Amino acid sequence: MKLPERSRIRRIRAPLLRWYDAHRRDLPWRHSRDPYAIWISEAMLQQTRVETVIPYWERFLEAFPDVGSLARADLDQIYAVWTGLGYYSRARNLKAAAESIVADHGGQLPETPEGLATLKGIGRYTAGAVASIAFDREAPLVDGNVVRVFSRVFGIREDSSRKEIVEGLWTIADILVRGPRPGDLNQALMELGAILCTPRKPDCGACPLRRDCDALARDDAESLPVKKKKAKPRRMRAIAVHLEREGRILAVRRPEEGLMAGLWELPGGEIGPDDEARDRVCELLGASFGLQVRGVESVGRIEHVFTHRHLELEVFRSRAEPGTRVRRRDHVGHRWIRPQALLALAHAGPTRKALNLLGVTNEVSARAEGRSRR
DNA sequence: TAATCGTGGTC
DNA sequence: TGACCAAGATT
């Protein structure tokens, strides 16, 4: 791609900052100058909407107010606060990074993008965001909003995931950020993408860059940026069993890698596309948990769509004899607990939906269930 | 480079 | 209603 003229890039600085000063949203982390609080907000905002993040950020900062408290916390406590936010590796990485900050950086976050990027879970974007917003460094950043704004303003009509284009976008961001108020400049770019320069029906009439926008001149803003199509989620099937033993049910913890890593769920497992689910229950509970059960009752079915998986989960009830022991194969933990207690452990959407189907609810899960049902 | 990794909102 | 998308990182 041909890089825009330097002067053309620099020209959008002033109108962008003016617009930001007049229209910036009042977000809770914008009241903080604490690098730790800003870092947490950036980790949560990865692929996650602002409105979703706000209550999680507030609860997280209350539970873990500083780097030291996060480094000392049990992963279980962190997961519990993170439950429902998704991309759980972020929670794991936050703790690992906090430990490294305490052990190797005297308890203070590194101030440069290079230093920040050595920490787990901090990539190129987050390094630039924290360096510029928390430490006033002239560090560039490119997120989905910035890709869209640059593609339109500078008329970039090639696949935005191509390496050459990605590097071009970072170069533009770097040229643009040099100067006063780098943190505000970066936030202004993202804010413009979030509020006006939206994927569909951008509000070009209100845009501070409308006189300078290539896509507006050519009337193809809505078709930019150019991206390739994403793969459809693959279907997978699984079973989950509400297995009761003397008034308690079995909860099991998934391995620390892969889908829903480290989260608690009902025992069960994946089945084949043509399996009769009921026929696999006894076998799976035996093979994965060393359990023998009798009397399997079908409860129903839930569906859950992940980014790359479309899960169909069949839910059953069964009982285990008093004194039944568990021998885990792949899972890394298990507990016999009151049904409602599973809702207080870190768990993901499918487990929440299965418990809801089973009539196990509390106020929090009921609200989440209400949201996901629209 | 292309997959993997959650969830909820929007049209 | 399925497809797209949201302040990405990791492998």
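FYI, side chains are in, hydrogens and waters are out, and symmetry mates aren't considered; it's all heavy atoms of this structure. Below, chain A is the first sequence line, B the second, and so on; all start at residue 1. Please read these numbers as outputs of a predicted model, since none were measured by experiment.
Among the atoms of the strands shown, only primed sugar atoms or phosphate atoms (P, OP1, OP2) are found under 4.0 Å from some heavy atom of A:G84. Among the atoms of the strands shown, base atoms are found under 4.0 Å from some heavy atom of A:V305. Note on A:M44: nothing from the nucleic acid sits closer than 4.0 angstrom, heavy atoms only. Contact annotation for A:L263: no contact, since no heavy-atom pair falls under 4.0 Å across all strands. Among the atoms of the strands shown, only primed sugar atoms or phosphate atoms (P, OP1, OP2) are found under 4.0 Å from some heavy atom of A:K228. Within 4.0 Å of A:R24, counting heavy atoms only, lies no atom of the nucleic acid at all. Using a 4.0 Å heavy-atom cutoff across all strands shown, A:A129 reaches no nucleic acid atom at all. Within the nucleic acid shown, A:S41 has no heavy atom closer than 4.0 Å to any nucleic acid atom. Among the protein residues, A:W29 comes within range of the nucleic acid bases, having at least one heavy atom under 4.0 Å from a base atom.
Remark on DNA chain B: of its neighbouring residues A:A231 and A:E51, the 5'-side contact belongs to A:A231, judged by nearest-heavy-atom nucleotide. Residue order along DNA chain C, read from the 5' end via each residue's closest nucleotide, puts A:L45 first among A:A117 and A:L45. When each of A:G258 and A:R162 is assigned the nucleotide of DNA chain B bearing its nearest heavy atom, the one mapping closer to the 5' terminus is A:R162. When the nearest nucleotides of DNA chain C are assigned to A:P233 and A:A127 by heavy-atom distance, the more 5′-ward of the two goes with A:P233.
Smallest separation of non-hydrogen atoms from A:Q340 and A:T361: NE2-O, 2.7 Å. Nearest heavy atom pair, residue A:V296 against residue A:S318, reads CG2-OG, 4.1 Å. Smallest separation of non-hydrogen atoms from A:P28 and A:W57: CB-CZ3, 3.6 Å. Smallest separation of non-hydrogen atoms from A:P35 and A:L109: O-CD2, 4.1 Å.
Remark: P of B:dC5 and CD of A:E256 are 14 Å apart, rounded to the nearest angstrom. Computed from coordinates, the A:I133 CD1 to C:dA7 P distance equals 13 Å when rounded to whole Å. Protein atom NZ of A:K230 is 18 Å distant from nucleotide atom P of C:dG2, rounded to whole Å. Protein atom OH of A:Y88 is 17 Å distant from nucleotide atom C1' of C:dA9, rounded to whole Å. Between the OH atom of A:Y79 and the P atom of B:dT7 there is a distance of 13 Å, rounded to whole Å. When rounded to the nearest whole Å, the span between CZ of A:R49 and C1' of B:dC11 equals 12 Å. Put simply, CD1 on A:I54 is 13 Å from P on C:dA7, counting in whole angstrom units. The separation between A:R234 atom CZ and B:dA2 atom C1' is 13 Å, rounded to whole Å.
Taken from CZ in A:R6 to CZ in A:R178, the straight-line distance is 9.0 Å, to the nearest 0.5 Å. We find the NZ-CG distance between A:K353 and A:N356 to be 10.0 Å, quoted to the nearest 0.5 Å. Atom CZ of A:R294 sits about 12.5 Å away from atom CZ of A:R319, to the nearest 0.5 Å.
In the set C:dA7, B:dT7, B:dG6, B:dG6 carries the atom at the smallest distance from any side-chain atom of A:Y87. Checking C:dA6, C:dA7, B:dG6 against the side-chain heavy atoms of A:L27 singles out C:dA7 as nearest. If you check B:dG6, C:dG8, C:dC5 against the side chain of A:P199, the one that comes closest is C:dC5. Ranking B:dT1, C:dA7, C:dC5 by closeness to the A:M190 side chain, first place goes to C:dA7. Minimum atom distance to the side chain of A:Q187 is reached by C:dA7, of the listed C:dA7, C:dG8, B:dG6. Residue A:R25 has its side chain nearest to C:dA7 when only B:dT1, C:dA7, B:dT7 are considered. Proximity note for A:R200 (side chain, C-beta onward) versus B:dG6, C:dA7, B:dC11: the nearest is B:dC11.
Rounded to whole Å, the P atom of B:dG8 lies 22 Å from the corresponding atom of C:dA9. Using atom P as the reference point in both C:dA7 and B:dC11, the two lie 15 Å apart (nearest Å). A distance of about 15 Å separates the P atoms of C:dC4 and B:dA3, rounded to the whole Å.
Side-chain N/O atoms of A:Q47 include one lying less than 4.0 angstrom from OP1 or OP2 on C:dG8. Look at A:H304 and you'll find a side-chain N or O under 4.0 angstrom from OP1 or OP2 of B:dT7. Within the 4.0 Å cut-off from OP1 or OP2 of B:dA3, not a single side-chain nitrogen or oxygen of A:R309 is found.
Looking only at side-chain heavy atoms (C-beta outward), A:V293 and A:C282 come within less than 4.5 Å of each other.
Of the possible donor and acceptor atoms, one in the side chain of A:R10 sits under 3.5 Å from a partner among the backbone N and O of A:I175.
Taking the six-membered ring where the residue is Trp, the centroids of A:F306 and A:H308 are separated by 6.0 Å or more.
Remark: A:D275 engages A:R280 in a salt bridge (charged side-chain N to carboxylate O under 4.0 Å, His left out) (not counting sequence neighbours).
Heavy-atom distances under 4.0 Å link DNA chain C to no residue of residues 96-105 of chain A. Interface residues of residues 141-157 of chain A facing DNA chain C, ordered by number: A:D143, A:G144, A:N145, A:R148; criterion, heavy-atom separation under 4.0 Å.
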From CA spacing to verdict: ring-ring contact (aromatic ring centres under 6.0 Å, His included), A:F154, A:F150: CA-CA 6 Å; A:F154 301 119; A:F150 284 174; 5.7 Å; yes
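Contact annotation: side chain of A:T307 to base of B:dG6, donor-acceptor pair present below 3.5 Å. In the interface, the side chain of A:T48 is paired with the base of B:dG6 through a donor and an acceptor atom under 3.5 Å apart.
Salt-bridge annotation for A:E314 and A:R278: absent, with no side-chain N of the basic residue lying under 4.0 Å from a carboxylate O of the acidic one.
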